[in-house]
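Below you'll find the structure, written out as structure tokens, and then a few comments.
A note on names: the letters A, B, ... follow the listed sequences, proteins ahead of strands, and every chain is numbered from 1. Bear in mind that the values here come from a model prediction, so they are computed numbers and not experimental data.
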Number of protein chains: 2
Amino acid sequence: MNTNHSQAFLALGDPTRQLLMERLAKRPMPVGKLAAGLSISRPAVSQHLKVLHNAGLVTVQQEGTRNIYHIDPRGVEAMRTYLDRFWDRALAAFKRAAEEDME
Amino acid sequence: MNTNHSQAFLALGDPTRQLLMERLAKRPMPVGKLAAGLSISRPAVSQHLKVLHNAGLVTVQQEGTRNIYHIDPRGVEAMRTYLDRFWDRALAAFKRAAEEDME
DNA sequence: CGTATCGGTAAGCTGTTACTTACCGTAAAT
DNA sequence: ATTTACGGTAAGTAACAGCTTACCGATACG
């Protein structure tokens, strides 16, 4: 839904949302079931899911009156590849710095 | 400095800190130089760097009166591997769901 | 139909975050 | 030794994030 990295990282920065994602990684679930295990209210879970959805990290699949949430692997992969590029550049900078120190 | 994912993701969730990281990925830099290009004050940059440092994403190297900041590849890699595991589980869940839909 | 289940939205409170300016310590340079 | 450069910390403020309760629409079920 979105290619903005900031939103995705911000979304995963919250411990509760991280927990939701880990639960959803195990199996897709409706909102009520997700909320059942947590100490926060169901509306709070809905709000967290909205954030995750806007960040492109989950998808919804309506099934009768239930809204089943799934992890969106595309969103996770976008973060992965972003970090990959990032990491490469960081390592390159380190090598460069190391070589300069050699002289 | 820290193995907590939440802190790292939270840190990268802020657009300003993302920008700082991308600048530092190109080359290590002192605080003043980092602040020069931005629209926010130098103390604000210091505060952001503190967050990044606590998240284990940057290291400092004192050089005279300058504090040179570097990306810490270990921190970045920790996020990468966390996402890797995460992504794997998400894909597995998807396969499982797809198989169930087949029946 | 009416009623229950499910879940998203609104309004409001509270703690936290990102910024500012002002200040202070430390290292180098004159 | 004074001055300049650099950068971290303190205090205060304004915006924002996360929570709650109350409410409402929509599907399924009697």
Side-chain angles (χ1 to χ4, degrees), chain A residues 1-2 4-24 27-72 75 97, chain B residues 1-2 4-24 27-72:
Chain A
M1 183 153 242
N2 207 314
N4 190 343
H5 309 301
S6 289
Q7 277 187 277
F9 283 106
L10 198 62
L12 274 190
D14 184 278
T16 301
R17 284 194 290 265
Q18 242 182 61
L19 211 165
L20 291 178
M21 287 292 280
E22 300 195 4
R23 289 265 214 104
L24 289 179
R27 71 190 74 261
M29 253 187 276
V31 178
K33 199 164 186 178
L34 267 173
L38 304 182
S39 57
I40 62 175
S41 70
R42 188 197 44 74
V45 172
S46 267
Q47 288 159 13
H48 280 303
L49 287 171
K50 190 179 187 179
V51 173
L52 290 171
H53 188 250
N54 287 338
L57 292 174
V58 299
T59 58
V60 205
Q61 171 191 347
Q62 189 166 358
E63 211 159 274
T65 164
R66 288 193 179 82
N67 283 10
I68 317 275
Y69 278 82
H70 304 251
I71 295 255
D72 189 341
Chain B
M1 183 155 240
N2 206 312
N4 191 344
H5 310 302
S6 289
Q7 275 188 277
F9 283 107
L10 200 60
L12 274 190
D14 184 279
T16 302
R17 285 193 289 266
Q18 241 182 60
L19 212 165
L20 291 177
M21 287 292 280
E22 300 195 3
R23 290 265 214 104
L24 289 179
R27 71 190 72 262
M29 254 187 272
V31 178
K33 199 164 187 178
L34 266 174
L38 304 182
S39 57
I40 61 175
S41 69
R42 186 196 45 72
V45 172
S46 266
Q47 287 159 13
H48 280 303
L49 287 171
K50 191 179 187 178
V51 173
L52 289 171
H53 188 250
N54 287 338
L57 291 173
V58 299
T59 58
V60 206
Q61 171 191 347
Q62 190 167 358
E63 211 159 274
T65 165
R66 288 193 180 83
N67 282 10
I68 317 275
Y69 278 82
H70 304 251
I71 295 254
D72 189 340

Exercise. Should A:I68 and A:R27 count as side-chain neighbours, where that means a heavy-atom distance under 4.5 Å?
Worked result: no
Problem set entry | B:R17 vs A:V60, nearer the 5' end of DNA chain C by closest nucleotide | A:V60
Exercise. To the nearest Å, how far apart are A:Q61 CD and C:dC6 C1'?
Worked result: 16 Å
Exercise. Given side chains that start at C-beta, do those of A:L12 and A:M21 come closer than 4.5 Å, heavy atoms only?
Worked result: yes
Seminar exercise, completed: Here the distance between atom P of C:dT5 and atom CG of A:N67, to the nearest Å, is 17 Å
Expected rows: protein N/O vs nucleotides 19-23 of chain D N/O, under 3.5 Å:
| residue | atom | partner | partner atom | Å |
| --- | --- | --- | --- | --- |
| D:dC19 | OP2 | A:H48 | NE2 | 2.1 |
| D:dT20 | OP2 | A:S41 | N | 2.8 |
| D:dT20 | OP2 | A:S41 | OG | 2.6 |
| D:dT20 | O4 | A:Q47 | NE2 | 3.1 |

Exercise. Quick one: A:M29 CE to C:dG7 P, roughly how many Å, whole number?
Worked result: 12 Å
Exercise. Does some side-chain heavy atom of A:D14 sit less than 4.5 Å from a side-chain heavy atom of B:L10?
Worked result: no
Seminar exercise, completed: From CG of A:L38 across to P of D:dG18 the rounded distance in Å is 15 Å
Exercise. Could you give the angle between the helix axes at the two ends of the helix from C:dC1-D:dG30 to C:dT30-D:dA1, with five pairs per end, rounded to 10 degrees?
Worked result: 20°
Seminar exercise, completed: When rounded to whole Å, the NZ to P distance for the pair B:K33 and D:dA5 reads 17 Å
Seminar exercise, completed: A:L34 CG to C:dG8 C1', in whole Å, measures 15 Å
Exercise. Got a sec: does the CZ of A:R66 have more than 12 other heavy atoms crowding it under 6.0 Å?
Worked result: no
Problem set entry | Main-chain N/O of B:A35 paired to B:R42 side chain as donor or acceptor, under 3.5 Å | no
For this session: Take A:H5 and B:Q18 through the test side-chain hydrogen bond (donor to acceptor under 3.5 Å, both in side chains) and record every step on the way to the result.
Result: CA-CA 9 Å; A:H5 309 301; B:Q18 241 182 60; 6.0 Å; no
Problem set entry | Set of ring-ring contact (aromatic ring centres under 6.0 Å, His included) partners for B:Y69, sequence neighbours left out | none
Exercise. Are side-chain heavy atoms of A:L57 and A:V51 found at a separation under 4.5 Å?
Worked result: no
Exercise. Are A:L49 and A:N67 side-chain neighbours, meaning at least one heavy-atom pair lies under 4.5 Å?
Worked result: no
Exercise. Separation of B:L10 atom CG from D:dA17 atom P, in whole Å?
Worked result: 11 Å
For this session: Report the distance from atom CZ of B:R66 to atom P of D:dA5, rounded to the nearest whole Å.
Result: 11 Å
For this session: Verify the contact: side-chain N or O of B:T65 to OP1 or OP2 of D:dC6, cut-off strictly under 4.0 Å; return yes or no.
Result: no
Problem set entry | Below 4.0 Å: OP1/OP2 of C:dG8 and any side-chain N or O of A:Y69 | yes
For this session: Output yes when at least one side-chain N/O atom of B:K50 is less than 4.0 Å from OP1 or OP2 of D:dG7, else no.
Result: no
